[in-house]
Undergrad: 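Take this structure first; my questions come after.
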Amino acid sequence: MNTGMRFKGAGLGKKVFLAVMQLVMIGYVILIVYPLFNMIISSFKTTKDIMQKPFALPVELDFSNYVYIWVDKGFGRYFLNSLLFTGTAMVFVVLLGSMAAYGISRYSFRGNTLVYMFFLSGIMLPLKAAIIPLFQIVKGLGVMDTPLSVIFIFIAMGLPSTVFILSGFMKTIPAALEQAARIDGCNDLRIYSQIVMPITAPSIALVTIYNAVPIWNDFFFPMVFIQSDRFKTLPVGLSSFIGQHSTKWNLLFTGLSIAIVPMLVLYLFMSKYFIKGMTAGAVK
């Protein structure tokens with residue numbers, strides 16, 4: 001273990017420092033993990049039990065809350081809607097963003113910097129500030145109260161950061177790789193798909209997690225542009241448990257426990273590439 005190797009041969013002051021840092025990190029992990037654990041165990045309780053004994057373990061694992069919200073409250077439909085909206089948006093965000101980043105990073109042309117700054121402006125200007133023009137555009141396109149209204153906005157949300165991150169990675173790819181591919185007869189499309197994209201896999205994982213989480217959790221845009229119950233997403237569905245005078249905490253915690261599963265699975269499968277993407281370029 002690396003920590004043990006650091007302790008070996010270290011002075012007393014350094015050992016104390018490392019021990020303190022270990023305790024701090026353990027405390028930080030507990031601080032992050034325990035609220036999630038408490039949320040999950042609360043999903044097996046009633047609202048009365050949660051209010052009376054918020055930190056106690058449930059008497060029994062009763063899955064009636066999960067059955068109720070999944071079947072009776074329509075959370076199965078909300079869950080599929082969120083998967084559809086997030087998955088479709090991320091496919092186009094990665095595809096269009098990587099193509100734009102490839103063009104900006106690998107080709108020199110007049111207006112290259114202007115195009116790059118145009119995408120960067122999308123990071124600096126939040127879409128929520130332009131809700132009235134967005135509403136008019138969506139209404140003019142005739143896609144109000146349809147999945148396309150939210151998917152288009154999610155794509156626009158993810159493209160600026162995707163182009164910014166991927167173009168930085170692609171600029172580090174040696175030009176000799178492309179030159180060798182062209183000598184072998186590869187065109188631009190094959191170079192992009194078979195050489196550049198596999199090399200940038202860690203950065204693809206990074207932008208996927210970076211954009212998928214806020215899209216999955218977004219409440220504002222589905223609330224504004226979706227009125228039909230059959231197209232609502234999980235965050236909008238969760239709001240139905242919060243009333244003016246009372247909150248159904250057991251159902252709310254149950255819905256939240258379901259909502260975190262896809263993003264947790266996504267991170268677990270992409271964590272290796274995500275860490276590589278975060279640390280790439282740190283050591284030259």
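These values consider heavy atoms only, across backbone and side chains, with no hydrogens, waters or symmetry-generated copies.
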Undergrad: Report the distance from atom CZ of F221 to atom CZ of F135, rounding to the nearest 0.5 Å.
TA: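 Reported to 0.5 Å precision, the distance equals 13.0 Å.
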Undergrad: Connecting only ILVMFWY residues whose side-chain heavy atoms lie within less than 4.5 Å of each other, what is the rest of M223's hydrophobic cluster?
TA: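 F219, V236, which link up through side-chain heavy atoms under 4.5 Å apart, make up the rest of the cluster.
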Undergrad: Under the 3.5 angstrom rule, does the side chain of T46 hit a backbone N or O of D49 as a donor-acceptor pair?
TA: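 Checking the backbone N and O of D49 against the side chain of T46, a donor-acceptor pair under 3.5 Å is found.
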Undergrad: What residue pairs, at least two apart or across chains, pass salt bridge (Lys or Arg N to Asp or Glu O under 4.0 Å) with a residue in residues 211-236?
TA: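 Every pair satisfying salt bridge (Lys or Arg N to Asp or Glu O under 4.0 Å) with a residue in residues 211-236: R77-D229, K128-D218, D229-K232.
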Undergrad: Using only atom types and a distance under 3.5 Å, with no angle test, would you say the side chain of K45 pairs donor to acceptor with the backbone of A56?
TA: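 Here the side-chain-to-backbone pair exists.
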Undergrad: Are any of the side-chain heavy atoms of L36 and Y34 separated by less than 4.5 Å?
TA: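 No - every pair of side-chain heavy atoms lies 4.5 Å or more apart.
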Undergrad: Answer yes or no: is there a donor N or O on one side and an acceptor on the other, between the side chain of N112 and the main chain of I104, under 3.5 Å?
TA: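 Answer holds: yes.
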Undergrad: Would you mind reporting whether F225 and L134 have side-chain heavy atoms less than 4.5 Å apart?
TA: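 L134 reaches F225 side chain to side chain.
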Undergrad: Would you mind reporting whether C186 and Y192 have side-chain heavy atoms less than 4.5 Å apart?
TA: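 Result no, sub-4.5 Å side-chain heavy-atom pair not found.
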Undergrad: So with a 6.0 Å cut-off around CZ of F220, is the heavy-atom count from everything else above 12?
TA: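 Yes - once you tally the heavy atoms of other residues, nucleotides and ligands closer than 6.0 Å, there are more than 12.
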Undergrad: Counting C-beta onward and ignoring hydrogens, is there a side-chain heavy-atom pair between I191 and N187 closer than 4.5 Å?
TA: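 They are not in contact (no side-chain heavy atoms under 4.5 Å apart), so the answer is no.
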Undergrad: What pairs with F79 under ring pair (Phe, Tyr, Trp, His ring centres under 6.0 Å), at least two apart in sequence or on another chain?
TA: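 In terms of ring pair (Phe, Tyr, Trp, His ring centres under 6.0 Å), with neighbours along the sequence ignored, F79 is linked to W70, W216.
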Undergrad: Closer than 4.0 angstrom, basic N to acidic O: yes or no for D145 and K139?
TA: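 No, this pair does not count.
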Undergrad: If you count heavy atoms of other groups shown closer than 6.0 angstrom to NZ of K53, is the number above 12?
TA: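 Not buried by this count: 12 neighbours or fewer within 6.0 Å.
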Undergrad: Should D188 and R182 be marked as a salt bridge (charged side-chain N to carboxylate O under 4.0 Å, His left out) after you check the CA-CA gap, both sets of side-chain angles, and the distance that decides it?
TA: CA-CA 8 Å; D188 290 339; R182 293 186 188 279; 2.7 Å; yes
Undergrad: Can the ring centres of Y107 and Y102 be said to be less than 6.0 Å apart?
TA: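 They qualify: ring centres under 6.0 Å apart.
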Undergrad: May I ask you to decide if L83's main-chain N or O and T86's side chain share a donor-acceptor pair within less than 3.5 Å?
TA: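 Here the side-chain-to-backbone pair does not exist.
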Undergrad: Passes side chain to side chain contact (heavy atoms under 4.5 Å, CB included), L252 versus L238? Steps please.
TA: CA-CA 6 Å; L252 182 61; L238 287 169; 4.2 Å; yes
Undergrad: Using a 4.5 Å cut-off on heavy atoms from C-beta on, say whether the side chain of V138 contacts that of L148.
TA: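 No, every pair of side-chain atoms sits at 4.5 Å or beyond.
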Undergrad: Under 4.5 Å between side-chain heavy atoms, hopping through other hydrophobics if needed: is there a path connecting I153 to L95?
TA: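 Shared cluster, yes.
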Undergrad: So how far is it from I40 CD1 to F253 CZ, rounded to the nearest 0.5 Å?
TA: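 So the gap between those two atoms works out to 11.5 Å.
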Undergrad: Quiz question: by atom type and distance under 3.5 Å, do the side chains of Y116 and S105 form a donor-acceptor pair?
TA: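 Per modelled atom types, Y116 and S105 side chains form no pair under 3.5 Å.
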Undergrad: Would you say M170 and S98 make side-chain contact, with heavy atoms under 4.5 Å?
TA: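 Yes - at least one pair of side-chain heavy atoms lies under 4.5 Å apart.
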Undergrad: Tell me whether L23 is reachable from I32 by hopping between hydrophobic residues (I, L, V, M, F, W, Y) whose side-chain heavy atoms are closer than 4.5 Å.
TA: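 Different clusters: I32 never reaches L23 through Ile, Leu, Val, Met, Phe, Trp or Tyr contacts under 4.5 Å.
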Undergrad: If I compare all heavy atoms of I226 with all of S149, which pair ends up nearest, and what's the gap?
TA: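 What the structure gives for the nearest pair is CD1-OG, 3.9 Å.
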Undergrad: Is a side-chain N or O of S82 found less than 3.5 angstrom from the main chain of L234, in a donor-acceptor match?
TA: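 Such a contact is found between S82 side chain and L234 backbone.
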Undergrad: Give the minimum heavy-atom separation between P262 and I258, together with the two atoms involved.
TA: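 Taking P262 first and I258 second, the nearest heavy atoms are CD-O, 3.6 Å.
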Undergrad: Mind checking the CE-OG1 spacing from M90 to T208? Nearest 0.5 Å is all I need.
TA: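 The distance works out to 4.5 Å.
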Undergrad: Consider only side-chain heavy atoms of I, L, V, M, F, W and Y, link residues closer than 4.5 Å, and tell whether L256 and L61 are in one cluster.
TA: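 Same hydrophobic cluster.
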Undergrad: Count I, L, V, M, F, W, Y as connected when their side-chain heavy atoms are under 4.5 Å apart, and connections chain through other members. Are V59 and I50 then in the same cluster?
TA: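 Hydrophobic grouping puts V59 apart from I50.
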Undergrad: Can you tell me how far CZ of F55 sits from OG of S42, rounded to the nearest 0.5 angstrom?
TA: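 With rounding to 0.5 Å, OG (S42) is 9.0 Å from CZ (F55).
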Undergrad: Of all residues at least two apart in sequence or in a different chain, which pass the side chain to side chain donor-acceptor pair (under 3.5 Å) check with S43?
TA: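 S43 satisfies side chain to side chain donor-acceptor pair (under 3.5 Å) with Y66 once adjacent residues are dropped.
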Undergrad: Do M124 and I131 share a hydrophobic cluster, counting only Ile, Leu, Val, Met, Phe, Trp and Tyr and linking them when any side-chain heavy atoms are less than 4.5 Å apart?
TA: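 In one cluster with M124: I131, no.
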Undergrad: Assess the side chains of T233 and N81: does a donor N or O sit below 3.5 Å from an acceptor N or O?
TA: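 Absent: no donor and acceptor within the cut-off.
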Undergrad: Identify the heavy atoms of L166 and S203 that sit nearest to each other, and give their distance.
TA: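 Heavy-atom minimum between the residues: CD2-OG, 3.3 Å.
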Undergrad: Could you check S161 against V207 for side chain to side chain contact (heavy atoms under 4.5 Å, CB included), going step by step and ending with a plain yes or no?
TA: CA-CA 8 Å; S161 60; V207 299; over 6 Å; no
Undergrad: Kindly compute the distance separating CG (L80) from CZ (F85), expressed to the nearest 0.5 Å.
TA: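 Between atom CG of L80 and atom CZ of F85 there are 11.0 Å.
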Undergrad: Where do M197 and I204 land on the side chain to side chain contact (heavy atoms under 4.5 Å, CB included) test, with the steps shown first?
TA: CA-CA 8 Å; M197 290 300 288; I204 296 295; 3.7 Å; yes
Undergrad: List for me each residue that meets ring pair (Phe, Tyr, Trp, His ring centres under 6.0 Å) alongside F119, sequence neighbours excluded, and say none if there are none.
TA: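 For F119 there are no ring pair (Phe, Tyr, Trp, His ring centres under 6.0 Å) partners, ignoring immediate neighbours.
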Undergrad: Within a reach of under 6.0 Å around CD1 of I132, are more than 12 heavy atoms found that belong to other residues, nucleotides or ligands?
TA: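 Incorrect, the count does not exceed 12.
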Undergrad: Please report the closest heavy-atom contact between G97 and L159, naming both atoms and the distance.
TA: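 Result for this residue pair: N-CD2, 3.5 Å.
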Undergrad: List the residues meeting ring pair (Phe, Tyr, Trp, His ring centres under 6.0 Å) with F75, not counting sequence neighbours, and say none if there are none.
TA: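 F75: ring pair (Phe, Tyr, Trp, His ring centres under 6.0 Å) contacts with Y78, F241.
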Undergrad: Assess the residue pair V196 and L177 against the criterion (side chain to side chain contact (heavy atoms under 4.5 Å, CB included)); give the C-alpha distance rounded to whole Å, side-chain angles, the decisive distance to 0.1 Å, and a yes or no.
TA: CA-CA 9 Å; V196 175; L177 289 176; over 6 Å; no
Undergrad: For residues I195 and A181, report the shortest heavy-atom separation together with the two atoms involved.
TA: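 Answer, listing the atom of I195 first, then A181: CD1-CB, 3.3 Å.
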Undergrad: Atom CD1 in I26, atom CG in L31: separation rounded to 0.5 Å?
TA: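 Going from the CD1 atom of I26 to the CG atom of L31 covers 13.5 Å.
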Undergrad: Quick check: do R106 and I173 have side-chain heavy atoms less than 4.5 Å from each other?
TA: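 Contact flag for R106/I173 side chains = yes.
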Undergrad: Kindly check if the number of other-residue, nucleotide or ligand heavy atoms within 6.0 Å of CE (M99) is above 12?
TA: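 It does not: M99 CE has 12 such atoms or fewer within range.
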Undergrad: Taking the side chain as C-beta and beyond, is there a heavy-atom pair between F164 and I123 under 4.5 Å?
TA: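 Sidechains of I123 and F164: in contact.
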